[in-house]
Structure formats: structure tokens, C-alpha cells
2 protein chains.
Amino acid sequence: MFSKACEYGIKATIYIAVKSMHQERVSLKEIAEEVNSPVAFTAKILQSLAKSGIIDSHKGPTGGFQIEESNIDAIKLYDIVNAIDGEKIFVGCGLGLEQCDASQPCPVHDKFVGIRDNLKIMLQNTSLYELATGLDIGLTHLKR
Amino acid sequence: MFSKACEYGIKATIYIAVKSMHQERVSLKEIAEEVNSPVAFTAKILQSLAKSGIIDSHKGPTGGFQIEESNIDAIKLYDIVNAIDGEKIFVGCGLGLEQCDASQPCPVHDKFVGIRDNLKIMLQNTSLYELATGLDIGLTHLKR
DNA sequence: TTTATTTAGGATAAATTTGTCCGAAATAAG
DNA sequence: CTTATTTCGGACAAATTTATCCTAAATAAA
């Protein structure tokens, strides 16, 4: 469903959010450990999330990643997925046709659009805040 | 969403089904042309679909691919996707966790399972017959 | 039987995704 | 200022997916 990059990016962002809600900044190393993702690859993903403005990064000792607390509720799962995998997941024909829309549909068009709209709506309605809160209170987990 | 292999496989199977409903066998070359897919790669996919028993193949002149007409309604989109991409699309955690279920969920577990179940049900409820019929009567298309 | 045609299948290559390594740049603290 | 720490960013490598090519095997028809 999601790419590995996206999986790591989502996990990392949720972890950073939890820490940010406790006014803590976290290092790449800690994130990769807690989220069970390859360090160097995770670094690349965090870089691009920082460029997208979803997370903040700081160099040097005491440096690391964080998310402005007031943004955590406004950031949606959709934003993270979109920043990493791009909108190509939400656009385009399910069978790869260039020319496919309601007036000239591919055989799976209607059914496919239905599923994908569900996905899109789910991602747009899911806030980083609720994901981070669930993790913080021990309702969910990210390891293994 | 689907792999390229799956896209080509679905398109090819629908095209073969349409022809089979008119008692015609089709060659790899014709399929690849009509479905706008790379010939050699399509050959591989059709090979595996034949091994899975979803389509029949015949060598030699007048050879080609076909689907037993009485099977066309029983074959579901799910069977095609499952034969090519495997069940890994329908199983496993949305964030790639090994240990993730209702009792120890990842942060997106519930929402993700909901979407994926929708997808699975849609694929299981969509018959090759309806897809092929739509194409046959010109309601849908596979080119471009 | 010979020939032409078509799929089967192995080897290989190209493209993309995933992942690593390392020096540069920033920066906090002694 | 120096040093230690941390992210940045480029080059590179491995793995997977996508795609090609060619020979073998089957088989229909002359």
C-alpha cells in the first residue's frame, strides 16, 4: 500500500510528535531505534519532511527533530503521505491508462475511484495529534 | 496501488475474457497491442496466470490464450490480483510492523484495516464477467 | 515430414526503490 | 577557539521491479 519510505516517514513523524508534545527534541539515532527503521534511509526521509515543512530540524549538539506543538493537530496523515510518496497515489487510473475518467472509464474505474476516495478521506481526516496521543498513552505502538 | 505487472495482468485477462465470450483465442501479440503493454513482460505475466489456472494457453499456430467461458463469472478480480501480486497486499500492517493486530495495534491499524477490507471486498465481489461485458459493449476501454 | 507459428522459460538488462557511507556544514558547550 | 555532536547532502551500492532477448518446445497445416 505505502512505500517503505512512507512507512518509515509516518512512524518517525508520529514518534517526533509524541516527544514534541512533551517539549522534547529527538535525534535521528533515537528515532530510528524507537521506530525500527534503517538509520541512514530514515535520515533521507526526515530531510525531505523537513524541507516540506512538516517537521523542524536543528543541527549540532542538542540538535534533532521536533514539530511545533501548535501544528500537530493541523498536520494530517495525508500531508505526510503526500510529502513522501507524492500525489500520484491519489491520482491516475487504477489500470495505468492515460485516458480514463467518468466519461471514458477503464473497466475498474468506478470501483477503484470509490476505494481510493475512501483512502484519501481517511488520510485527510486523520490528524497527527490523534495518532501521537494514541501512542503516548500506550494504546498503540511502533516497535517490531 | 497495483503493481505494473498487476495492471497488465488485469487488462490482459479482461481482454482475453471478451474474446473468449466470442469463442475466440488471442495471441500474446494481439493482447499486448490491444492492452498497450510491453510484449515480453506481458508474456511472463500471462505465463504465471496460466500456471495459476486463471487462463488457458495453447502453443503452435492458431495457439494463444483463452478462458473457459463457464469460468468467466466465477473468476473475481481478487483472483487475478492475488495470482500476480500475492496476498501480501491484503495482509500485514500498514506501517510494516511485524507485531500488529487489534490487541496490539499500530497507530493506523483500525483505519487502515477498514480501507483494506473495503478493497478486498470490492475485488472479491467484482467478477471478470462484468468487467469483460462492460468492455465488450463499449462502456469501458483499455487502450491509452 | 517439413515448415511456420506460437507459448515456455532462462538469461540478462534497465529502472526504480531501498539502503549505506562519508565528508561538509552548523552549532552548542567547554 | 576548539571540540564534540548532529543534520545535510552527494555518491554509491544492493534489492526489487520492470522489461528485453533468444532458444526450446509444442503444434497446426501443407
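Basis for what follows: all heavy atoms, side chains included, without hydrogens, waters or symmetry-related copies. Naming: A, B, ... by sequence-line order, numbering from 1 per chain.
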Given [options], identify the nucleotide with an atom nearest to the side chain of [X].
X	options	value
A/Lys51	D/dG9, D/dT7, C/dG19	D/dG9
B/Pro38	D/dT20, C/dT18, C/dA28	D/dT20
A/Thr62	D/dT18, C/dG19, C/dA28	C/dA28

### Query
Above 12 or not: heavy atoms from other molecules or residues under 6.0 Å from OH of A/Tyr129?
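Open: at most 12 neighbouring heavy atoms sit under 6.0 Å from OH of A/Tyr129.
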Whether [X] contacts [N] is assessed here as follows: a side-chain N or O lying under 4.0 Å from the phosphate OP1 or OP2. Is that the case?
X	N	result
A/Gln47	D/dG9	yes
A/Ser57	D/dC8	yes
B/Tyr8	D/dA19	yes

### Query
Taking CG from A/Leu28 and C1' from D/dT7, how many angstroms apart are they, rounded to a whole number?
8 Å
### B/Asp85 CG - D/dT16 P separation (whole Å)
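Result: 15 Å.
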### Message
Under a 3.5 Å threshold, yes or no: a donor from one side chain and an acceptor from the other, between B/Gln66 and B/Glu24?
### Response
no
### Task
Taking atom types as modelled, find out whether B/Thr126 and A/Lys111 have a side-chain donor-acceptor pair closer than 3.5 angstrom.
yes
### Query
So which one's nearest nucleotide on DNA chain C is more toward 5', B/Leu46 or A/His58?
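That would be B/Leu46.
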### Task
Have a look at A/Lys44 and say if it touches a base, only the backbone sugar-phosphate, or nothing, with a 4.0 Å heavy-atom cut-off.
base
### Message
I'd like to know if B/Glu98 pairs up with A/Lys143 as an ion pair, taking the criterion as any Lys NZ or Arg NE/NH1/NH2 lying under 4.0 Å from an Asp or Glu carboxylate oxygen.
### Response
no
